[in-house]
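For ligands, and for the atoms within them, numbers begin at 1 and follow the listed sequence. If you're wondering where the values come from, they're calculated on a predicted model, not measured in any experiment.
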Amino acid sequence: MKLPFFLASRFVADETLDGTLPVVDDLLEDDLYVALDLLGEHVTDRAVAAEGRDTYIELLRTLGERFPQGSPEVRISIKLSMMGQMIDHDFCLDNLRQILDVAKDYGIFVRLDMEDSDLTDSTLELFEAVYPDYPDHVGPVLQAMLRRTERDVERMCELGASVRLCKGAYAEPTDIAYQDMDVIRARFIHYMKQLIANGGYAGIATHDDQIIRATRQFVADEGVSTDAFEFQMLYGIRPETQREMARPYNMMVYVPYGTEWMPYFSRRLAERKENVWFILKNFFRR
Ligand code: FDA
């Protein structure tokens, strides 16, 4: 059974690109940066993966024509599992290269979202395979909850790659992931400092005030330019804070859209019980 879209509409801009572009315009108007994510993941059919690739290429063309050449304010975010990662490495690599060729032509940055830990190795391998050809147009996501992230942060600093750092949205077993929120937060703050001090342009992706405060303190203490990194938040979560922070800092909003919103919506509900209450309240109000 498909749930009605209005339930997800706090977190998902629209089911269509046409309905999403006005949302993008509003965010840009408020000095926010935007990363568009066409929802879809865990594709196991080649034709569906090729369709996903082509839709992303179309999206890049639409954005490239709509916004000035090389505009850093608008980017895209993709999940490699939508591009054939679970079908065949070379097929996915080829799809990714096709996307990056168009992105590079238009000067649009492509972030590779990080999914569950079964896909971490392969995502970072695919990233390293393309990075030398597109160093200014592609970057990975690292998850503070994973124990391996210490090594991955070091590697990305060596490469000088732009990393988005987040806590991690997937339930992972204890042997590979920290479970305690205080520990995850402490790891996040540790990696944030390394990435801002030694890596490429970092995206600090969180709504967590403790981490935001620690980041603000760190950049103030170290005299880091506010243009050397950015904060990132999700569409629909703390929108007033997003706007307030866009003045002193670069603030990017991750804007998902499309009909395949159920897995994304479920992750948002799972990570915060207040989100469930919000949805239930809206449901009964209608
Ligand atoms: P969390 O939900 O843990 O909340 C911690 C604290 O923040 C709360 O106790 C409260 O103080 C404050 N807070 C949170 N929401 C609030 C609200 N609505 N109002 C007031 N206070 C609030 N994950 C992944 O695995 N792979 C990925 O590629 C990405 N990509 C990504 C991009 C971006 C831009 C973001 C922001 C996040 C991701 N994530 C992700 C998701 C991420 O891993 C994580 O699951 C969520 O961001 C939730 O963790 P937070 O650190 O944001 O706060």
Side-chain angles (χ1 to χ4, degrees), residues 10-13 27 32-42 75-82 85 109-120 123-124 126-127 138-146 148-149 152 156 162-172 176-189 191-192 201-215 229-246 249-256 263-279 281:
R10 179 188 170 193
F11 304 115
V12 179
L27 293 167
L32 292 155
Y33 295 179
V34 173
L36 277 169
D37 167 38
L38 169 63
L39 293 165
E41 55 194 83
H42 288 198
R75 310 90 181 260
I76 63 166
S77 225
I78 68 176
K79 287 189 173 48
L80 290 176
S81 78
M82 187 187 185
Q85 184 178 24
F109 188 86
V110 179
R111 178 69 63 194
L112 308 181
D113 282 351
M114 189 56 83
E115 302 177 67
D116 54 271
S117 60
D118 288 347
L119 297 170
T120 313
T123 301
L124 293 176
L126 286 156
F127 163 71
V138 67
V141 175
L142 296 179
Q143 298 157 323
M145 72 183 298
L146 293 189
R148 61 172 287 158
T149 295
D152 294 331
M156 293 308 141
S162 161
V163 170
R164 173 197 296 154
L165 179 63
C166 65
K167 284 180 184 164
Y170 299 83
E172 301 287 359
I176 61 162
Y178 302 107
Q179 311 290 325
D180 183 294
M181 187 49 82
D182 287 339
V183 175
I184 296 171
R185 213 176 255 132
R187 296 317 302 164
F188 193 125
I189 291 171
Y191 301 139
M192 169 275 287
Y201 182 80
I204 306 304
T206 185
H207 313 95
D208 190 321
D209 279 329
Q210 287 186 49
I211 298 175
I212 293 168
R213 267 197 303 275
T215 307
F229 74 102
E230 69 186 22
F231 287 105
Q232 303 185 343
M233 291 192 184
L234 300 174
Y235 173 75
I237 303 187
R238 310 196 72 181
E240 301 82 20
T241 308
Q242 293 173 7
R243 281 165 177 79
E244 279 161 28
M245 286 178 63
Y249 301 104
N250 295 334
M251 166 61 81
M252 190 216 77
V253 183
Y254 181 100
V255 178
Y264 178 87
F265 176 58
S266 309
R267 285 195 289 278
R268 298 295 75 82
L269 296 189
E271 71 202 359
R272 206 168 138 80
K273 64 178 183 314
E274 287 85 345
N275 290 342
V276 180
W277 289 121
F278 180 90
I279 301 302
K281 231 170 35 198

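- Closest to atom 15 (N) of ligand 1 among all protein heavy atoms lies R272 NE, 3.2 Å.
- Distances shorter than 4.0 angstrom do not occur between any heavy atom of E115 and any atom of ligand 1.
- Here the protein heavy atom with the shortest distance to atom 53 (O) of ligand 1 is K167 NZ, 3.3 Å.
- Between Y264 and Y254, the ring planes are parallel. Angles under 30° get that label, and only those over 60° would be called perpendicular.
- Of the protein's non-hydrogen atoms, L234 CD2, 3.8 Å is the one closest to atom 37 (C) of ligand 1.
- Ion pair E230/R164 not flagged as a salt bridge, since none of the NZ, NE, NH1 or NH2 atoms sits closer than 4.0 Å to an Asp/Glu carboxylate oxygen.
- What sits closest to atom 19 (N) of ligand 1 on the protein, heavy atoms only, is R238 CG, 3.5 Å.
- Side-chain contact of T123 with Q85: a donor-acceptor pair under 3.5 Å is present, judged by distance alone.
- Around atom 42 (C) of ligand 1, the closest heavy atom drawn from P256, A205, G203, C166 belongs to C166.
- Look at R111 and D37 and you find no salt bridge, because none of the NZ, NE, NH1 or NH2 atoms lies under 4.0 Å from a carboxylate O.
- Given atom 30 (N) of ligand 1, the protein heavy atom at minimum distance is R164 NH1, 3.1 Å.
- Residue contacts with ligand 1: E271 is placed with a nitrogen or oxygen under 3.5 Å of a nitrogen or oxygen of the ligand (distance criterion only).
- The nearest heavy-atom contact from the protein to atom 18 (N) of ligand 1 is I237 CG2, 3.5 Å.
- Protein heavy atoms all stay at least 4.0 Å away from atom 11 (O) of ligand 1.
- Polar contact check, M233 against ligand 1: no nitrogen or oxygen pair lies under 3.5 Å apart.
- At a threshold of 4.5 Å between non-hydrogen side-chain atoms, the residues T120 and R148 count as touching.
- Nearest approach of K167 to D208, heavy atoms of both residues: NZ-OD2, 2.7 Å.
- Residues that satisfy the salt bridge (Lys or Arg N to Asp or Glu O under 4.0 Å) test with E172, not counting sequence neighbours, are absent from this structure.
- M114 O, 3.6 Å is the protein heavy atom nearest to atom 27 (C) of ligand 1.
- Protein heavy atom closest to atom 41 (C) of ligand 1, with residue, atom name and distance, is R268 NH2, 3.8 Å.
- Looking at heavy atoms from C-beta onward, M192 lies in side-chain contact with L165 at the 4.5 angstrom threshold.
- For F127, the ring pair (Phe, Tyr, Trp, His ring centres under 6.0 Å) criterion is met by Y131, not counting sequence neighbours.
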